[in-house]
Amino acid sequence: MGNLNSELFAAIDSVADGANEHDLAVSVQELMRKYRGRVDPRDIVLASDTDVIAYAAYRLPATFAAARSAFETAAAAMPGFAPTTHLDVGGGMGASVWAASAAWPSLRSTTVLEQSAPAIKLGKRLARRSTDTAVQGSEWERFRLTGAVPDGPRVDLATMSYVLNELTPQVQEEVVRSLAERARTVVLLEPGTPEGYERIITARGHLIAEGMSVAAPCPHDGTCPITPGEDWCHFAERLNRSGIQRRLKFGTLGFEDEKYAFVAATSEPVERPASRVLRHPQKRKGLVSLRLCTTDGIEDRVVSKRQGETYRAARKTDWGDPWPPLEEADR
Ligand SMILES: C[S@@+](CC[C@H](N)C(=O)[O-])C[C@H]1O[C@@H](n2cnc3c(N)ncnc32)[C@H](O)[C@@H]1O
């Protein structure tokens, strides 16, 4: 875990330590209930100081971990991309602000648009504890999206994590299309549910229609080979739960797996892998089965021990990785 992770988790702990744990637990239950389904776009879910501390303690570590993982996958597909300016929309308490700086240390300035005043207050408080330039100096603007993002200078990177679910389909389209105009690269994340995937795949279509290319996770700009309703493209990131996270979620496990769907699209040059691993590889004695998204659709490939180097690479491969691994492709 890098420096930004520990700085963020220390900042969250210090804020949560000063709050009443019973009130936080009540708020967590209410937030979990609201986020379980589709959020009413008229509702401001993060309404009070207790709500935002509760979200920071039980949810932000997971949205941060998912965003960092998605951004790192996108960064690997754009090795020449070194963004300095960043716009994060629906930033909450800044999960994607911290995650983007972890994936792209070149970032120097970040602007966050967010509708909730308590979220902005806490997001700033957490960010000021970071030693990273872009995180610490992040600018927070209170703004309620009802369509396109406001006009402003073009940015290198725009991100929106776990927000589409709180917007109407029409606003989702207007925001996404406007981000494609404002930014050189756009990364969108949603929960790794069938509905989250469907919002991402719709948004992916809007980004391509605006002239962008997909950098990740897809190895192509064509139609997604997955049939909505039958399956959904998503990934998972495992994170250790802090003590407060365990207590607030009444969980006993020391870790959780955050499932997420995402798309990164860009007008920058991309180096897409030939294919991407769509499931946990099945590793049996002498065989590894990989489910792959390729330029020709979904393919199930079995790699056997007889394939030597390729087999050893397959043993090390994880869900979400490029296939073949980049070193392997270069050989
Ligand atoms: C589930 S939280 C995600 C926060 C953060 N991006 C993260 O990944 O942890 C959704 C955020 O979007 C914000 N949001 C929802 N609808 C919005 C709107 N119409 N305009 C601005 N912000 C909005 C909410 O206030 C909240 O902070």
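Just so you know, ligand 1 is whichever comes first in the structure, and atom 1 is the first atom listed for that ligand. As the structure is a computational prediction, the values presented were derived from the model and not from experiment.
A salt bridge is defined here as a Lys NZ or Arg NE, NH1 or NH2 lying under 4.0 Å from an Asp or Glu carboxylate O, and Asp221 with Arg272 meets this definition. With respect to the salt-bridge test (charged N to carboxylate O, under 4.0 angstrom), the residues Glu114 and Lys121 do not qualify.
Side-chain atoms of Arg276 do not come within 3.5 Å of backbone N or O of Ala216 as any donor-acceptor pair. In this structure, the side chain of Glu299 does not engage the main chain of Cys293 through any donor-acceptor pair within 3.5 Å. For the pair Arg241 (side chain) and Gly254 (backbone), a donor-acceptor distance under 3.5 Å is absent. The main-chain N or O of Pro281 is never found under 3.5 Å from a side-chain atom of Arg291 such that the two would form a donor-acceptor pair.
Every protein residue with a heavy atom nearer than 4.0 Å to ligand 1 is included here: Tyr35, Leu46, Tyr55, Thr63, Gly90, Gly91, Gly92, Ala95, Glu114, Gln115, Phe143, Arg144, Leu145, Ser161, Tyr162, Val163, Glu166, Leu167.
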